[in-house]
2 protein chains.
Amino acid sequence: MTQPTAIEPAFDRLLQVAVEVFAECGFREATVREICSRANVNVASVNYYFRSKEALYAQALAFAFREANRLYPQDAAFDKSLPPEQRLALFIKNFLYKLLDDSQLGLHSKLIAHEIADPTKALDEIIETAIVPQFALLEEIIRQLLGSSPDNVTVQRCLLSIFGQCLMFKHSRSIIDRLYPELIADESAIQASAEHIAQFSLAALTQFALQKVRPTP
Amino acid sequence: MTQPTAIEPAFDRLLQVAVEVFAECGFREATVREICSRANVNVASVNYYFRSKEALYAQALAFAFREANRLYPQDAAFDKSLPPEQRLALFIKNFLYKLLDDSQLGLHSKLIAHEIADPTKALDEIIETAIVPQFALLEEIIRQLLGSSPDNVTVQRCLLSIFGQCLMFKHSRSIIDRLYPELIADESAIQASAEHIAQFSLAALTQFALQKVRPTP
DNA sequence: AATTGTTTTAAACATCTGTTTAATACTAGC
DNA sequence: GCTAGTATTAAACAGATGTTTAAAACAATT
């Protein structure tokens, strides 16, 4: 029971609870009163410590992202000395774990999911700080696997194919929960799902690489 | 300017506008007043013709689904006399077109997208009537391509891989609009994206089929 | 033309929203 | 112990929301 007691200052409690509530409800559905109630704090505190609900949201987003990147860094996939096949598998696994972590951390991806589905002003900054770097890393790995300088749109589409497979588990979670719950039942199931995506994508990419060299004989 | 004039009865105008507004805003964010305003109708009309906002939403959902299935039927992909490769390509193309159609129709997929991201009571019925049949059809095609009775989880994961690639264009539309707008710029770009997904998936599936026959030598 | 049933209307209702205010409680620093 | 700055509180504000009401307008039947 990590209940936010008075031992932590109200500011911190507020920020932490805000991450939770915004992750659950999204910006618009979340209410200041709910946040304050859970943090055992007066309604006026949000406007006292943060300027407004919107400002609190921005700070909560930034906080959640810092935490997520601290716990799920992509540095293994960044290692250029590894073979690209392994880097791809590492990238996908880490990304999926980050997405599906339902502990304190899963909140981060829930925040993004809400933000993507129903963008607020904060989306542009999120894209810059969180999404573009991930895209760039995966793009580099894909180029290594495709070889022989493929055209940009092909790389982009392959990138979306891979991200799409991963994000399916996040954005369509409500469907998977009802139709295929066993695919995300426990950690080993999640790992198996990650390995599937890696195999599936690798198979497609190597096939693409072959076709590139020997274009439709 | 297909502005809803008084020529159509208020009930129909209301239903039509409701689809639009719910598609734009989702159930919770949409307001009865906005719907009535756009339909040139008094606020009380929603509760007069439909019992409540929620009942209006349910009817709007059902209406949009009927329209979508009327304009984008999956009957070509259903044709069992076609080779599975072609059925897969047809399925993906039709599905993606349905998703990305921004005319009167795209509204249908926006409604689902909102519903999946932020489920209401209506989700269960949507899953039954709209999603399960699509899943079943694609599952049948996948089984045909994998051959030799693959285990269920493999089929399920492949299915999610394919749907995930398609849904990426819907659920992460806000990101694609900003980073890769050329991939959905016009009809030919969308068709090319559909063909990419089909090729990508087919490559992976045939590879999987080979591995199944000759398991990791 | 009067009566009936159906639509439409403006107004009000009750509740919830983010935000503000002004008073109170608390906590150093002298 | 008093004071200055900070933190917290209850109450109120102004606006929006879904819903209801009761009166008015309309249409069709007799």
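Just so it is clear: chains get the letters A, B, ... in the order the sequence lines come, proteins before strands, and each one is counted from 1. In this text the structure is predicted, and so the values were computed from the model without any measurement.
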Query raised in the report: Going by an N to O cut-off under 4.0 Å, is there a salt bridge joining A:Glu195 and A:Lys93?
Result: no
Report task. Just compare D:dT8, D:dT19, C:dT19 and give me whichever is closest to any side-chain atom of A:Tyr49. Result -> D:dT8
Query raised in the report: CG of B:Asn47 versus C1' of C:dT7: gap in Å, rounded?
Result: 15 Å
Query - Shortest non-hydrogen contact between B:Cys36 and B:Asn42, atoms and distance - result: SG-O, 3.5 Å
Query - Any A:Tyr48 side-chain nitrogen or oxygen under 4.0 Å from OP1 or OP2 of D:dT8 - result: no
Requested in this report: With heavy atoms under 4.0 Å as the rule, sort B:Ala30 into base, sugar-phosphate or nothing.
Outcome: sugar-phosphate
Query raised in the report: A:Arg33 or A:Val41: which one's nearest nucleotide on DNA chain D is closer to the 5' end?
Result: A:Val41
Report summary line: When rounded to whole Å, the CD1 to C1' distance for the pair B:Ile35 and D:dT17 reads 12 Å
Query raised in the report: Contact class for A:Phe50 (heavy atom, under 4.0 Å): base, sugar-phosphate, or nothing?
Result: nothing
Query raised in the report: OP1 or OP2 of D:dA10 sitting under 4.0 Å from any side-chain N/O of A:Asn42?
Result: yes
Query raised in the report: Is the shortest side-chain N to carboxylate O distance from B:Arg143 to B:Glu140 below 4.0 Å?
Result: no
Query raised in the report: Between C:dT19, C:dG18, C:dT21, which nucleotide has the shortest distance from any of its atoms to the side chain of A:Ala44?
Result: C:dT21
Requested in this report: Specify the separation, in whole Å, of atom CG of A:Leu56 and atom C1' of C:dT19.
Outcome: 14 Å
Requested in this report: Would you mind reading off the distance between A:Arg28 atom CZ and C:dG18 atom P, rounded to a whole angstrom?
Outcome: 13 Å
Query - Proximity of B:Phe11 and B:Phe50 rings by center, below 6.0 Å - result: yes
Query raised in the report: Does B:Glu24 come within less than 4.0 Å of B:Arg38, counting only side-chain N to carboxylate O?
Result: yes
Query raised in the report: For the pair made of CD in A:Glu34 and P in C:dG18, what is the distance, rounded to whole Å?
Result: 11 Å
Requested in this report: Check every strand shown and say whether B:Ala10 touches a base, only sugar-phosphate, or nothing at a heavy-atom separation below 4.0 Å.
Outcome: sugar-phosphate
**Report entry** Separation of C:dT19 P from A:Lys53 NZ (nearest whole Å)
**Finding:** 8 Å
Query raised in the report: Between A:Glu54 (CD) and C:dT17 (C1'), how many Å, whole number?
Result: 15 Å
Query raised in the report: A:Leu14 CG to C:dG18 C1': how many Å, rounded?
Result: 14 Å
